[in-house]
Amino acid sequence: MTPTELSVLAVVTPNEIAWGSRALTALVGLLVASLAYRGYWRNDAPKMRSLAIGIFLLTTGVFITVAVVSRLDAGIGLVLLTRGLVTVAGLGFVLYALAYQ
């Protein structure tokens, strides 16, 4: 490795890279959810609202939940439990939006 690569690795830890990628995923998910919500307003389609909520929960909601629960110094089990619950709720909204009339 070159000295430049070593200095970058010393500045940015793997944990920071992981949080950065999660934050980027949350940001893109928020953008997609806002577009779906805008589609709800334009077409007055409740299914689009459910899709927007589901996408929000699957991306941004999971990120916010994990960040808050981690900040509370909860154990890894509680972090995984809350993440799983938010994910299931998000998938439920997406399932409703896509499967039921």
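Every heavy atom of this structure was used, including side-chain atoms; hydrogens, water molecules and symmetry mates were not.
- Atoms CZ and CH2, on Phe63 and Trp19 in that order, are 5.5 Å from each other to the nearest 0.5 Å.
- Enclosure of atom CZ in Arg83 is not indicated, since only 12 or fewer non-hydrogen atoms of other residues, nucleotides or ligands lie within 6.0 angstrom.
- Side chain of Ser70 to backbone of Ala67: no donor-acceptor contact under 3.5 angstrom is found.
- Under a hydrophobic-cluster definition in which Ile, Leu, Val, Met, Phe, Trp and Tyr are linked whenever side-chain heavy atoms come within less than 4.5 Å, directly or via other members, Leu58 and Val66 are assigned to different clusters.
- How far CG of Leu85 is from CG of Leu80: 11.0 Å, rounded to the nearest 0.5 Å.
- Using a distance-only test at 3.5 Å, with no hydrogens or angles considered, no donor-acceptor pair links the side chain of Ser50 to the main chain of Phe93.
- The distance from the CZ atom of Arg49 to the CG atom of Asp44 is 8.5 Å, given to the nearest 0.5 Å.
- Tyr37 has its ring centre less than 6.0 Å from the ring centre of Tyr40.
- Hydrophobic cluster membership is shared by Leu98 and Met48, with clusters built from Ile, Leu, Val, Met, Phe, Trp and Tyr side chains linked at under 4.5 angstrom.
- Annotation: side chain of Val62 is not in contact with side chain of Leu57 (no heavy-atom distance under 4.5 Å).
- Note: the hydrophobic cluster containing Phe56 does not contain Val94 (ILVMFWY, side chain heavy atoms under 4.5 Å, direct or indirect links).
- A continuous path of Ile, Leu, Val, Met, Phe, Trp and Tyr side chains, each step under 4.5 Å between heavy atoms, connects Leu81 with Val69, placing both in one hydrophobic cluster.
- Note that OG1 of Thr59 and CG of Leu24 are 11.0 Å apart. Values are rounded to the nearest 0.5 Å.
- Leu78 is connected to Val86 through a chain of hydrophobic side-chain contacts under 4.5 Å among Ile, Leu, Val, Met, Phe, Trp and Tyr, so both are in one cluster.
- To the nearest 0.5 Å, the span separating CD1 on Ile55 from CG on Leu31 amounts to 10.5 Å.
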